[in-house]
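In this text the structure is predicted, and so the values were computed from the model without any measurement. Residues: numbered from 1 along the sequence shown.
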Amino acid sequence: MQEDGVNLQENYNYIGDRKKSGRLSALNVFLSIVIIALLVALIVFTTTITSIKVRGESMMPNVVDGDRLVLLKRGYSLEYGDIVVFHREQDEDAAVKRVIGKGGDVISFDLAQLKWVRNGEYVDEGAYFAGEYSESYFTSMLFELQGKGITIPDGHIFVLGDNRNMPGSYVSKDSHMYGPLSEEDVLGKVIHIIK
């Protein structure tokens, strides 16, 4: 069809092609955003967040064998009561324990009250430890902890397992045996427990 020398059919096709091109362009932008978001999430997950499966009973009943822990590997600060995963030279596997003391703190154990002492005050462990200590716990304890205590060096933490009254001779392998742990050995802070 022609009108004043202009082919109207071509104009309609041109308008249709522009609409189609606009839809494809919007789809390309959307797909680009989705791909970029997935790449950013992948980078963040692999460099900042990870997860591990728990093996062992030293943190029961709060963390049990088979639980999966989600760890923040960067950008965290450690507070009393935080759960951390770290690598110990003495063991092949990573260990999971709770932070009881930080750099500069003086930590000791009051044998009469059977309580941990931090900077002259009893540590409130009611939320994660309620039990009795086995005899083997004290035979494996550092001698200095039963007296004046030890001062935790800067850049170190004092960690304990929650399950300190395990049956038999097994004792949680933690700072009560080995002393303060370097923060450089910490693999991450637990931010979520998947049961």
Side-chain angles (χ1 to χ4, degrees), residues 44 46-52 54-63 67-131 133-134 136-166 170-193:
V44 166
T46 57
T47 62
T48 306
I49 297 174
T50 192
S51 71
I52 65 161
V54 174
R55 287 189 350 203
E57 301 175 343
S58 70
M59 289 296 288
M60 287 179 54
N62 304 304
V63 179
D67 283 354
R68 185 157 288 281
L69 304 177
V70 179
L71 306 178
L72 187 58
K73 298 189 323 188
R74 301 183 194 287
Y76 59 83
S77 61
L78 293 176
E79 303 299 331
Y80 302 126
D82 285 345
I83 298 173
V84 293
V85 175
F86 59 94
H87 189 271
R88 237 184 342 222
E89 288 180 22
Q90 299 91 338
D91 297 323
E92 219 174 87
D93 296 328
V96 181
K97 305 293 179 211
R98 190 174 301 274
V99 176
I100 300 299
K102 301 187 289 185
D105 289 339
V106 176
I107 299 289
S108 63
F109 190 81
D110 183 336
L111 284 169
Q113 296 295 317
L114 297 179
K115 291 185 177 184
W116 285 98
V117 180
R118 179 178 55 230
N119 302 325
E121 296 183 10
Y122 290 120
V123 176
D124 180 12
E125 298 184 273
Y128 41 86
F129 174 71
Y133 288 93
S134 65
S136 55
Y137 189 80
F138 302 105
T139 57
S140 62
M141 183 182 286
L142 292 173
F143 176 75
E144 298 86 359
L145 291 169
Q146 298 177 31
K148 292 184 201 175
I150 58 175
T151 301
I152 301 170
D154 288 337
H156 288 69
I157 53 177
F158 194 88
V159 294
L160 297 174
D162 287 356
N163 189 7
R164 291 173 230 156
N165 57 342
M166 289 188 244
Y170 180 82
V171 173
S172 176
K173 295 176 183 173
D174 52 36
S175 291
H176 93 281
M177 294 174 115
Y178 301 116
L181 166 77
S182 172
E183 288 185 29
E184 292 178 4
D185 294 331
V186 175
L187 302 175
K189 172 181 171 175
V190 175
I191 57 173
H192 187 66
I193 302 169

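- Here the closest heavy-atom approach between residue Pro180 and residue His156 is recorded as CB-CB, 4.0 Å.
- Note that CG of Asp105 is 3.0 Å distant from OH of Tyr80, once rounded to the nearest 0.5 Å.
- The closest side-chain heavy-atom distance from Asp82 to Val190 is not below 4.5 Å.
- Proximity of a side-chain donor or acceptor of Asn119 to a complementary backbone N or O of Glu121 within less than 3.5 Å is not detected.
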* Asked: What do the steps show when you test Met59 against Val54 for side chain to side chain contact (heavy atoms under 4.5 Å, CB included), and what is the final call?
  -> CA-CA 9 Å; Met59 289 296 288; Val54 174; over 6 Å; no
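- Atoms OG1 and CD1, from Thr151 and Ile107 in turn, are 9.5 Å apart once rounded to the nearest 0.5 Å.
- The minimum heavy-atom distance linking Arg98 with Gly81 is given by the pair NH1-O, 2.7 Å.
- Contact check for Val99 versus Val84: side-chain heavy atoms found under the 4.5 Å cut-off.
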Open item on the list: Show, in sequence, the C-alpha distance, side-chain angles and deciding distance for Ile100 and Phe129, and conclude whether the side chain to side chain contact (heavy atoms under 4.5 Å, CB included) test is met.
Closed with: CA-CA 12 Å; Ile100 300 299; Phe129 174 71; over 6 Å; no
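- Ring orientation note: the planes of Phe109 and Tyr133 are nearly perpendicular, at an angle over 60° on the 30°/60° scale.
- Here the OG-CG distance, from Ser175 to Leu142, works out to 8.5 Å after rounding to the nearest 0.5 Å.
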Just do the side chain to side chain contact (heavy atoms under 4.5 Å, CB included) check on Glu79 and Lys102 with the steps written out, would you?
CA-CA 8 Å; Glu79 303 299 331; Lys102 301 187 289 185; 3.4 Å; yes
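- Taking 4.0 Å as the cut-off between side-chain N and carboxylate O, Lys97 and Asp174 do not count as a salt-bridged pair.
- Using a 4.5 Å cut-off on side-chain heavy atoms (C-beta onward), Phe158 and Ile150 make contact.
- Here CE of Met177 is found 8.5 Å from OG of Ser172. Values are rounded to the nearest 0.5 Å.
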Next on the checklist: Set out, in order, the CA-CA distance, both residues' side-chain angles and the distance that settles side chain to side chain contact (heavy atoms under 4.5 Å, CB included) for Tyr76 and Val186, then state yes or no.
Outcome noted: CA-CA 11 Å; Tyr76 59 83; Val186 175; 3.4 Å; yes
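- For the atom pair OG of Ser51 and CD1 of Ile193, the computed distance is 13.0 Å after rounding to the nearest 0.5 Å.
- Remark: His87 NE2 to Leu181 CG distance equals 11.5 Å, nearest 0.5 Å.
- Of all the heavy atoms in Ala94 and Val85, the pair that sits closest is CB-CG1, 3.8 Å.
- Asp110 is not listed as a side-chain neighbour of Trp116, based on a closest heavy-atom distance of 4.5 Å or more.
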